[in-house]
Amino acid sequence: AHLLNALAHKADGDILMAASDDILFRTRGWDTKVRSVAARFPDGLYIASPMNGDGHRRVNHWFTGQAWLKLFGWMAPAHFEHFCEDQWIQEVAGAAGRLIYMDDVLIEHMHKKYGKSENDEGYKSKRMKAPDGSSMSDRDVAKFKQLAPVLEDDKATLRKMIARVD
């Protein structure tokens, strides 16, 4: 999240995207469809989540407006080592009615867990155990639970901002 947030702060476009390096844009005109979603939210406070090819509606990669970055100071919360950022985004935007699943846009996640790539060093590094036996995933899930009050604050912050703008 730290690198993503640093890059987002340097971006000057109205629409920002959080994505990994193992995706393929499968839908022609995906950018027009994203702009169409963004136009529905002139305040720039939304999360647009394309389908990722696993058959489920969930946030893995997302688009948002500069206003999201300005409101929270981040595009993805930096509380975690690697996991749970997308779940945080999904819950915050969903609680405010600002989560849009783009069923007509496929940006395929070519992740090894879907059998779409090899288990390379990048993937392996995210699954290594620490000396105490914990995994990065275990630690992030525990942190997510520990930060439940902060998550609720973020949901409230977004709802309040939307109410002020409306």
Side-chain angles (χ1 to χ4, degrees), residues 1-27 29-54 57-111 122-123 125-126 136-137 139-141 143-144 146-166:
H2 296 288
L3 181 57
L4 172 65
N5 291 331
L7 293 171
H9 281 287
K10 291 182 181 294
D12 58 6
D14 293 333
I15 300 171
L16 305 170
M17 181 183 189
S20 61
D21 64 352
D22 57 353
I23 61 171
L24 294 174
F25 292 79
R26 299 288 194 191
T27 302
W30 64 267
D31 53 330
T32 301
K33 294 172 187 279
V34 170
R35 282 192 292 272
S36 178
V37 170
R40 292 169 39 196
F41 302 98
D43 60 14
L45 297 170
Y46 64 92
I47 295 294
S49 177
M51 300 307 291
N52 77 354
D54 74 350
R57 284 177 131 197
R58 75 172 117 219
V59 174
N60 283 129
H61 305 97
W62 64 91
F63 298 91
T64 193
Q66 280 280 356
W68 183 282
L69 181 64
K70 289 178 184 144
L71 177 62
F72 291 110
W74 46 259
M75 190 163 164
H79 309 303
F80 310 104
E81 292 178 63
H82 176 74
F83 299 93
C84 298
E85 296 165 357
D86 44 7
Q87 182 181 351
W88 192 281
I89 294 292
Q90 183 171 314
E91 290 199 23
V92 171
R98 293 298 182 99
L99 175 57
I100 306 302
Y101 289 107
M102 302 179 67
D103 296 326
D104 60 343
V105 174
L106 174 60
I107 299 178
E108 191 171 8
H109 195 185
M110 304 303 291
H111 198 282
Y123 293 123
S125 71
K126 303 297 183 225
M136 189 181 293
S137 178
R139 292 188 302 274
D140 280 348
V141 168
K143 184 86 167 193
F144 189 94
Q146 174 190 1
L147 292 173
V150 177
L151 176 62
E152 293 307 313
D153 288 347
D154 283 353
K155 291 176 185 179
T157 295
L158 182 56
R159 282 192 207 104
K160 287 176 194 167
M161 182 56 77
I162 290 167
R164 277 193 5 210
V165 172
D166 289 345

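The structure displayed is predicted, hence computed values, not measured ones.
Two residues are said to be in side-chain contact when any heavy atoms from C-beta on lie closer than 4.5 Å; F144 and V150 fail this criterion. Inter-residue side-chain proximity for F83 and M136 is flagged as met; some heavy-atom pair is nearer than 4.5 Å. Inter-residue side-chain proximity for D86 and R58 is flagged as unmet; no heavy-atom pair is nearer than 4.5 Å. Proximity of M110 to L24: side-chain heavy atoms (C-beta onward) are separated by under 4.5 Å at one or more points. Between I100 and F41, the closest side-chain pair of non-hydrogen atoms falls below 4.5 Å. Contact annotation: the side chain of Q146 never approaches that of V141 to less than 4.5 Å [non-hydrogen atoms, C-beta and beyond]. In this structure, the side chains of E108 and N52 stay at 4.5 Å or more apart for every pair of heavy atoms. Side chains of H109 and D54 form no contact here, defined as non-hydrogen atoms less than 4.5 Å apart.
Remark: E152 CD to D154 CG distance equals 9.5 Å, nearest 0.5 Å. Rounding to the nearest 0.5 angstrom, the gap separating the CZ atom in R164 from the CG atom in L45 is 10.5 Å. In this structure, CG in D31 is found 8.5 Å from CZ in F63, a value given to the nearest 0.5 Å. Between the CD atom in E91 and the CG atom in L158 there is a gap of 13.0 Å [rounded to 0.5 Å]. Within the model, atoms CG of L4 and NE2 of H9 stand 9.5 Å from one another, a figure rounded to the nearest 0.5 Å.
Distance alone, capped at 3.5 Å, places no donor-acceptor pair between the S36 side chain and the T32 backbone. Here the side chain of H79 pairs no donor or acceptor atom with the backbone of E85 at under 3.5 angstrom. Proximity of a side-chain donor or acceptor of E81 to a complementary backbone N or O of R139 within less than 3.5 Å is not detected. A donor-acceptor pair is defined here as one N or O able to donate and one able to accept, closer than 3.5 Å; no such pair exists between the side chain of D140 and the backbone of C84.
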Practice task
Applying salt bridge (Lys or Arg N to Asp or Glu O under 4.0 Å), run through K33 and D104 and close with a yes or a no.
Solution key: CA-CA 8 Å; K33 294 172 187 279; D104 60 343; 3.3 Å; yes
Practice task
Quick one: do R57 and D103 satisfy salt bridge (Lys or Arg N to Asp or Glu O under 4.0 Å)? Show the steps, please.
Solution key: CA-CA 8 Å; R57 284 177 131 197; D103 296 326; 2.7 Å; yes
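A salt bridge links D43 with R98: the closest approach of a Lys/Arg side-chain nitrogen to an acidic carboxylate oxygen falls below 4.0 angstrom.
A donor-acceptor pair shorter than 3.5 Å cannot be found between the side chains of H61 and S49.
Counting all heavy atoms, side chain and backbone alike, A95 lies closest to K155 at CB-CD, 3.6 Å. For the pair T64 and G44, the tightest heavy-atom approach, listed with the atom from each and the gap, is OG1-O, 4.2 Å. The two residues A76 and N5 have their closest heavy-atom pair at O-ND2, 2.8 Å. Residues P77 and A1 share a closest heavy-atom pair of O-CB, 3.4 Å. Considering all non-hydrogen atoms of both residues, A18 and M75 come closest at N-CE, 3.1 Å.
Applying the side-chain contact (heavy atoms from CB on, under 4.5 Å) test between P50 and each of T27, V59, V105 identifies V105 as the sole match. The side-chain contact (heavy atoms from CB on, under 4.5 Å) test with W62 is passed by exactly one of I107, L16, I47: I47.
Classified by interplanar angle (parallel below 30°, tilted 30° to 60°, perpendicular above 60°), the ring pair W74/F72 is parallel.
Aromatic rings from W88 and F80 are positioned such that their centres are separated by under 6.0 Å.
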